K.L.:
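This structure is in structure tokens; I'll ask about it shortly.
The chains referred to below are lettered A, B, ... by the order of the sequence lines, with proteins before strands, and numbering in each begins at 1. The shown structure was predicted, so the numbers you read here are calculated from the model rather than taken from an experiment.
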Number of protein chains: 2
Amino acid sequence: MTFYTFSEQQLRGFTENVFLTMGCPQPDARLAADVLLRSDLRGIDSHGVARLSGYVRLWEKKRINAQPLIKVVHETATTATLDGDRGLGLVVAPFAMNIAIEKAKTYGSGWVSVKNSNHFGIAGYHSLMAVEQDMIGISMTNASPLVAPTYANERLLGTNPMCYAFPAGKYPAVVVDMATAAAANGKLEIAQRANQAVPEGWVQDAAGKSSINPNQLKEGGSLLPLGSDKDHGSHKGFGLGATVDILSAVLSGANYGPWVPPFVAFLDPPTDPVGEGIGHFLGAMRVDGFRPAQDFKDHLDNWITRFKKAKTVDPEKQVIIPGEPEYNSENERKKNGIPLIDAVVNDLNELAAKLGIEGLS
Amino acid sequence: MTFYTFSEQQLRGFTENVFLTMGCPQPDARLAADVLLRSDLRGIDSHGVARLSGYVRLWEKKRINAQPLIKVVHETATTATLDGDRGLGLVVAPFAMNIAIEKAKTYGSGWVSVKNSNHFGIAGYHSLMAVEQDMIGISMTNASPLVAPTYANERLLGTNPMCYAFPAGKYPAVVVDMATAAAANGKLEIAQRANQAVPEGWVQDAAGKSSINPNQLKEGGSLLPLGSDKDHGSHKGFGLGATVDILSAVLSGANYGPWVPPFVAFLDPPTDPVGEGIGHFLGAMRVDGFRPAQDFKDHLDNWITRFKKAKTVDPEKQVIIPGEPEYNSENERKKNGIPLIDAVVNDLNELAAKLGIEGLS
């Protein structure tokens, strides 16, 4: 495995160009590229430009609309349901978060459930939009089924991430951004490529038996919910995944559970949909709706300071504040560039050749 | 271990009487008894009348105020911060949820962060108040520190439960009500009483080593976050516990992290508080703020039906819909009574003798 390093600017220009070639309007192409690049910068390599050709394949199959007419279809002062018109989730979700933020500016909070969308990139991007306005940001999305609920031998939920982000003062924002499975699919893919065993409790085989072979997921197996098994609280991970599914899709009118259309274009969506596209849920609450923002930030700084100096089992290790590793990665990669593995670079250059645009070199 | 069975009415009357004797106004005594009884009815024995003498001991130490002046100290259209005036959490939390519900009636959603409160019973009670109004109910609370974050060898977070409840149509409400630790303290207590080993991954000893001895928790050990260890996602359980702590306490001005005062009266609160009392966070969102309530319920019914008929590993077992076992217990115990172990009955009768009221028989 060889790594090639590219500057943020280079990858940003390339990515924007791909979205423009798909027919996205200029502001949408810029925004979608920003969401993907933020993921690469933050070190979440599975959700960045590595996914670009996946979006293009869905567009080729006409399952992504490059020029969506996104609209509010139901509304109160602080709630709304948005129809994403099969647009890129990378564009639809920020659109939804902007509505939540505007409502929060006027009424203290805002909540938007979204249907008829596609994969929205990293949840943290959308939550951090609220943080920049001194708001608490919440974002979640359902996804195609890979996870078996406790006791089940069937994939019924996606890895359904939930994210809560909080503005701090002298520290970077606290960003809890997590798949509700024991391990996200990206981690499985890394183990599959390296042909390495995974810890017990991540995956079960087609017969429902716990397995350490990551390839079982491709052979009819399932991911397991956070908690791994009933004894260790997998019913809680299932409950969290269910919460994401209900807020994102049952509430908005998107597909839920096993009806969520797959991200990969070579698999067709179910022929008996229960809604439209995939669903998201986004929220924003003004911190100063509860107490002066500076008081909150001072106390959150105190919280972070205390947790960072916690006594640890291994003196070499420190308690990790949620969002801090990603923040550090962002600073480092902005300076030193973004490393991509050769397989991703080749994939992007094949994509460029297919679209007739300049590749990466 | 012997069980004695009491009718709901008998335990309700007894409990109300205890709160009245503490000096609670009649409506507060009735409400506090209702919260505890709901827990016993729903089969969550650790949070019901078994805790009654604990509340009384905190009142004796003047850490619970039986006649609080609960008041809103900060507010927008859809957000509020409440000062619980050291009242029973059993009374303060429903007060807060009612504010959230009223705001949601007018604006679509309502969110209340609470400081200066005490233990609020089961989170599910408060979320279900919203469900009765065709709203989605959210409730969480921080609690005295028992859980060590990933890598830490120090108790810094409570078992910090979070609860999401959703109104269904023909089925009972979906109620995801979960401690963010791998196992709630109540489960440890049961194993301690029975002198039984617990699964690996629930607890670590004073040196930070994983242990199967539940008594380690009394000897300087810690509970572990949901996920149990880093490989299995304990940083996610830690992130969820942190989210509950921040929304409940950093946002309201309550104590957070290791500063949260203990529930047990024989341990003094920290002498360097960072806020007032413990904190809760309660929210309500009108379902029809997003789509017609009947559409939502029909689709949630469809969701439940699909998950209930999932293929299972063990054909004897079925996927458990969150909240269903508690709903079934409630029906069964309303009819057949509530079983209490002899230790709890003795404790309640000693309490009655101390307060000079009629005991259980």
K.L.:
By a 4.5 Å heavy-atom criterion (distance strictly below it), what part of B:Lys317 contacts chain A: side chain, backbone, both, or neither?
P.N.:
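The side chain, not the backbone.
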K.L.:
Given that the side chain runs from C-beta out, which part of B:Asp245 has a heavy atom under 4.5 Å from chain A: side chain, backbone, both or neither?
P.N.:
side chain
K.L.:
Below 4.5 Å from any heavy atom of chain B, which atoms of A:Ala148 appear? Answer side chain, backbone, both or neither.
P.N.:
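Interface part for A:Ala148: neither.
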K.L.:
For B:Pro258, is it the side chain, the backbone, both or neither that has a heavy atom under 4.5 Å from a heavy atom of chain A?
P.N.:
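B:Pro258 touches chain A through side-chain heavy atoms alone.
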K.L.:
Below 4.5 Å from any heavy atom of chain B, which atoms of A:Val174 appear? Answer side chain, backbone, both or neither.
P.N.:
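The answer is the side chain of A:Val174.
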K.L.:
Under a 4.5 Å heavy-atom cut-off, does chain B meet the side chain of A:Ile136, its backbone, both or neither?
P.N.:
side chain
K.L.:
Which atoms of B:Trp111 come close to chain A, meaning under 4.5 Å heavy atom to heavy atom: side chain ones, backbone ones, both, or neither?
P.N.:
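Answer is both: backbone and side chain atoms of B:Trp111 are under 4.5 Å from chain A.
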K.L.:
Any chance the side chains of B:His232 and B:Asp229 put a donor and an acceptor closer than 3.5 Å?
P.N.:
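Distance-only check passes for B:His232 and B:Asp229.
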K.L.:
Please assess B:Lys309 against A:Glu154 for the test salt bridge (Lys or Arg N to Asp or Glu O under 4.0 Å), listing each intermediate value before the final yes or no.
P.N.:
CA-CA 10 Å; B:Lys309 70 177 187 205; A:Glu154 205 180 343; over 6 Å; no
K.L.:
Taking the side chain from B:Asn160 and the backbone from B:Val244, do they hold a donor-acceptor pair closer than 3.5 Å?
P.N.:
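Absent.
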K.L.:
Side-chain donor-acceptor pair under 3.5 Å between B:Tyr171 and B:Thr305, yes or no?
P.N.:
yes
K.L.:
Any sub-3.5 Å donor-acceptor pair from B:Gln318's side-chain atoms to B:Lys308's backbone N or O?
P.N.:
yes
K.L.:
Counting only non-hydrogen atoms closer than 4.5 Å, does B:Val176 touch chain A with its backbone (N, CA, C, O), its side chain (CB onward), both, or neither?
P.N.:
side chain
K.L.:
Measure B:Ala242 against the heavy atoms of chain A and call it side chain, backbone, both or neither at under 4.5 Å.
P.N.:
both
K.L.:
Which members of residues 102-110 of chain B, sorted by number, sit under 4.5 angstrom from chain A on a heavy-atom basis?
P.N.:
B:Tyr107, B:Gly108, B:Ser109
K.L.:
In terms of heavy-atom proximity below 4.5 Å to chain A, should B:Tyr164 be classed as side chain, backbone, both, or neither?
P.N.:
side chain
